[in-house]
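Below is one structure, written out as structure tokens, with a few remarks after it.
Every chain is numbered from 1 and lettered A, B, ... according to where its sequence line falls, protein lines coming before strand lines.
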2 protein chains.
Amino acid sequence: MSSVTIKDIAKLAGVSHTTVSRALNDSPLINPETKDRIKSIAGSLNYTPNYSARSLVLDRSYNLGLFFSTLHTGTSSGFLYEAIKGVNDVIKDQFNLIVRGIDDYKSYHNVNRKSFDGLIVMSQSASDQSFIEYAADKEIPIVVLNRPIDKVKVMNLVPDDQRGAYRVAEHLIEKGHRRIAIIEGKQGFKSTQARRDGYREALEKHGVPLRNEWIVPGNYDLESGYAGMNRLLDLKERPTAVFCSNDDMALGAIKAVTERGLRVPDDLSVVGFDDHLFSAFMSPALTTVRRPIEEISRAGAEKLLSFIEKKQVEKSTVYFHTELVIRDSVKTIAGGN
Amino acid sequence: MSSVTIKDIAKLAGVSHTTVSRALNDSPLINPETKDRIKSIAGSLNYTPNYSARSLVLDRSYNLGLFFSTLHTGTSSGFLYEAIKGVNDVIKDQFNLIVRGIDDYKSYHNVNRKSFDGLIVMSQSASDQSFIEYAADKEIPIVVLNRPIDKVKVMNLVPDDQRGAYRVAEHLIEKGHRRIAIIEGKQGFKSTQARRDGYREALEKHGVPLRNEWIVPGNYDLESGYAGMNRLLDLKERPTAVFCSNDDMALGAIKAVTERGLRVPDDLSVVGFDDHLFSAFMSPALTTVRRPIEEISRAGAEKLLSFIEKKQVEKSTVYFHTELVIRDSVKTIAGGN
DNA sequence: AAGAGCATTGTTAACGTGTGCAGCACTATG
DNA sequence: CATAGTGCTGCACACGTTAACAATGCTCTT
């Protein structure tokens with residue numbers, strides 16, 4: 001069952017392989033009748049083009065890379081899922097979607113124009129700056145999603161994390177809270193900083209005191225949310241509300257609260273960030289910030305395809321709206337402080 | 001910055017391109033000194049091999065396909081995440097990992113030996129039987145994970161869902177429950193049937209009555225768990241325990257319970273299946289069955305690599321142990337019934 | 001000293017496509 | 001009738017790599 005080539009078809013049709021190639025590619029040069037004849041022969045032989053050969057001569061790989069900063073700690077499953085779904089919906093059959101974590105590369109050696117027609121980087125950390133620069137330098141069509149980057153100019157689609165964090169912190173203040181803690185995201189991630197900044201901005205704007213002991217580190221996973229909340233609960237002066245830098249940590253944090261016999265939101269209010277699938281179904285349903293990852297991924301894929309087609313890239317930064325989602329994990333308190 | 005080829009290197013080194021090819025591939029035929037010289041020239045020119053050309057002549061694509069039944073409803077993000085992580089950990093730099101949903105294919109046309117060195121199918125539904133048969137027929141090295149398949153013989157690694165379901169149902173019975181409902185998984189999914197069978201088996205074995213109205217449909221997503229539980233709560237005779245066919249639905253189900261002012265497990269016991277990342281962190285922590293998807297994925301990838309290397313496939317079915325994970329969502333009750 | 005054998009390198013073809021250019025037959029134009 | 005034009009097809013080469021085979025120079029053996 002060795003595979004059939006255009007030369008086999010040519011022989012059967014009594015034409016040259018050139019004619020077959022043209023016919024299958026719908027060249028207007030070919031007589032409609034021979035074209036049909038060739039196509040039907042190809043169909044009956046179950047011909048499939050050899051993509052390696054085509055790639056070689058056309059200088060296209062038919063590969064699109066979807067790169068994450070890491071596929072280990074820091075990338076939540078929901079994030080991965082939404083990104084793949086969004087991109088996949090757009091590219092369909094046209095390209096192979098190759099998924100990889102940047103931190104798995106020892107060297108970027110085989111990231112080049114020959115191997116990838118384009119790249120989508122779901123960037124979470126400054127640590128992949130070098131990768132982005134490398135790819136941009138090689139002039140591979142590229143879009144960078146999720147993390148705003150500086151220095152190198154590329155198409156950059158990002159959620160407005162800072163604004164979202166600002167809104168959710170402000171929401172806590174409006175509900176009467178004045179003792180508001182934060183469990184931060186993974187160090188080095190840009191999103192960690194943006195959410196921290198939004199949080200600070202809201203507190204400062206409303207003259208709410210900011211205490212160092214209410215700022216605890218985390219790394220975006222469940223366990224770190226659990227640990228972070230325990231640290232806060234051990235303080236003499238507890239906060240009345242805690243802003244967790246993502247929903248996973250919020251879930252861990254709530255676990256820590258209930259383990260001590262306390263209740264959310266009655267004894268302590270908790271908010272998250274991301275609006276994961278499960279967040280609406282937790283008890284209590286989590287107040288959080290929706291970050292449109294799937295939408296950004298879709299938009300990024302569309303941009304990339306147009307770059308590849310037009311053989312020309314645009315470079316700009318586009319912010320996507322983040323949205324406060326109010327549910328049941330925040331208590332309204334009377335006095336504040 | 002047009003890319004450098006072995007011929008360019010050959011010119012600079014004053015040798016033929018064949019020698020360069022051999023040197024870079026560490027052929028023992030080449031004089032160690034010239035080899036070093038060529039390698040250093042290649043390094044300084046920043047040479048990267050053209051994989052399309054290499055693929056063409058070697059008849060290898062360097063592509064591995066990771067195929068899911070669907071990337072839409074029915075595939076939970078945790079499942080996707082664990083599968084990608086497991087496979088990716090094994091293949092590292094050797095191959096491109098191409099992720100796709102089978103239901104996105106209009107035709108399997110460009111699934112062939114030329115385009116894929118091997119396939120990993122995370123099969124969830126009988127609907128991809130035709131895909132598996134197609135691939136097996138084309139003699140592409142293949143492993144099928146997660147779903148036990150019949151008819152076509154391939155390497156098949158699956159969790160023992162039925163045994164797991166049996167154990168968790170038995171656990172409920174041991175805790176004194178005799179009114180046990182089930183919210184089923186997506187119709188047509190093999191796992192749905194296996195879990196149902198395990199559940200029935202346990203009930204029959206222990207002489208626990210099985211009532212039709214306590215068997216409600218679902219489709220593995222949060223919403224369907226929520227809806228299913230509401231159906232059960234509307235019954236005149238409510239169950240005392242509910243086996244949800246996965247953790248996502250358990251989460252939705254618990255939501256429905258708490259919404260009515262009832263509590264888990266005090267008023268109603270709930271168990272799930274999968275042991276998702278978040279299950280230990282729910283309140284109450286969910287009693288469930290651990291299904292080692294990442295482990296299976298890793299094992300599958302290793303098998304596949306060995307098939308490709310040895311150019312020979314084994315065919316058998318291997319069951320992976322599923323494990324009852326006891327947490328806090330089941331109440332011990334005195335009498336039963 | 002001649003031939004065998006080895007180490008190293010080069011020549012040439014092949015993988016399956018796509019494409020510039022030439023060529024053919026036929027029609028239209030004057 | 002000669003010429004230009006048009007519609008269609010084939011020839012020959014290119015893409016970058018690997019590999020079978022040939023060729024070269026050298027060493028060793030007898």
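Remark: P of D/dG16 and CZ of A/R113 are 14 Å apart, rounded to the nearest angstrom. Spacing between atom CD1 of A/I6 and atom P of D/dC11 amounts to 14 Å, rounded to whole angstrom units. The separation between A/L24 atom CG and C/dG18 atom P is 8 Å, rounded to whole Å. Atom-to-atom, CZ of A/R54 to C1' of C/dG16 comes out at 10 Å; the value is rounded to the nearest Å. At whole-Å resolution of the value, NZ in A/K7 and P in D/dG10 are 14 Å apart. One interatomic measurement links the two molecules: NZ of A/K35 to C1' of D/dT9, which rounds to 14 Å at whole-angstrom precision. One atom, CZ of B/R22, and another, C1' of D/dC21, lie 10 Å apart when rounded to the nearest Å. Look at CG on B/L29: it is 9 Å from P on C/dT8, rounded to the nearest Å.
Between the side chain of A/H17 and the base of D/dT9, no donor-acceptor pair under 3.5 Å is found. Interface remark: the B/T18 side chain does form a donor-acceptor pair with the D/dA19 base, using a distance-only criterion of under 3.5 Å. For A/R60 against C/dG18, a side-chain-to-base donor-acceptor contact under 3.5 Å is absent.
Taking side-chain N and O atoms only, B/Y51 has no distance below 4.0 Å to OP1 or OP2 of D/dC15. Contact annotation: A/T34 reaches the phosphate of D/dT9 (side-chain N/O to OP1 or OP2, under 4.0 Å). Distances shown here put a side-chain N or O of A/S16 below 4.0 Å from the OP1 or OP2 atom of D/dG10. One finds a side-chain N or O of A/N25 lying less than 4.0 angstrom from the OP1 or OP2 phosphate oxygen of C/dG18. Between C/dG18 and A/S21, a contact under 4.0 Å exists linking OP1 or OP2 to a side-chain N or O. Contact check, A/Y62 against C/dT17: no side-chain N or O comes under 4.0 Å of OP1 or OP2.
Annotation: cation-pi pair A/R100/A/Y105 present, NZ/CZ under 6.0 Å from the ring centroid and within 45° of its normal.
Residue-environment remark: NZ (B/K92) exceeds the threshold of 12 foreign heavy atoms within 6.0 Å.
Counting only heavy atoms from C-beta outward, the side chains of A/F95 and A/R60 approach each other to under 4.5 Å. Side-chain contact between A/M155 and A/V144: absent, with no pair of heavy atoms (C-beta onward) separated by less than 4.5 Å.
With respect to B/R298, the salt bridge (charged side-chain N to carboxylate O under 4.0 Å, His left out) criterion is satisfied by exactly one of B/E294, B/E295, B/E302: B/E294. Tested against A/K190 for a salt bridge (charged side-chain N to carboxylate O under 4.0 Å, His left out), the candidates A/D161, A/D150, A/D128 yield a single pass: A/D150.
Counting non-hydrogen atoms under 4.0 angstrom, B/L58 reaches the backbone sugars and phosphates but no base.
Between B/V57 and B/I30, the residue whose closest nucleotide on DNA chain C is further toward the 5' end is B/I30. Mapping B/N31 and A/T5 onto DNA chain C by nearest heavy atom places B/N31 closer to the 5' end of the strand.
Pairs passing the ring pair (Phe, Tyr, Trp, His ring centres under 6.0 Å) check and including a residue from residues 20-56 of chain B, sequence neighbours excluded, read B/Y51-B/Y62.
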Secondary-structure notation, DNA chain C, from Watson-Crick and G-U pairs under 3.5 angstrom (| other strand): ||||||||||||||||||||||||||||||
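Nearest heavy atom pair, residue B/I140 against residue B/G118, reads CG2-CA, 4.2 Å.
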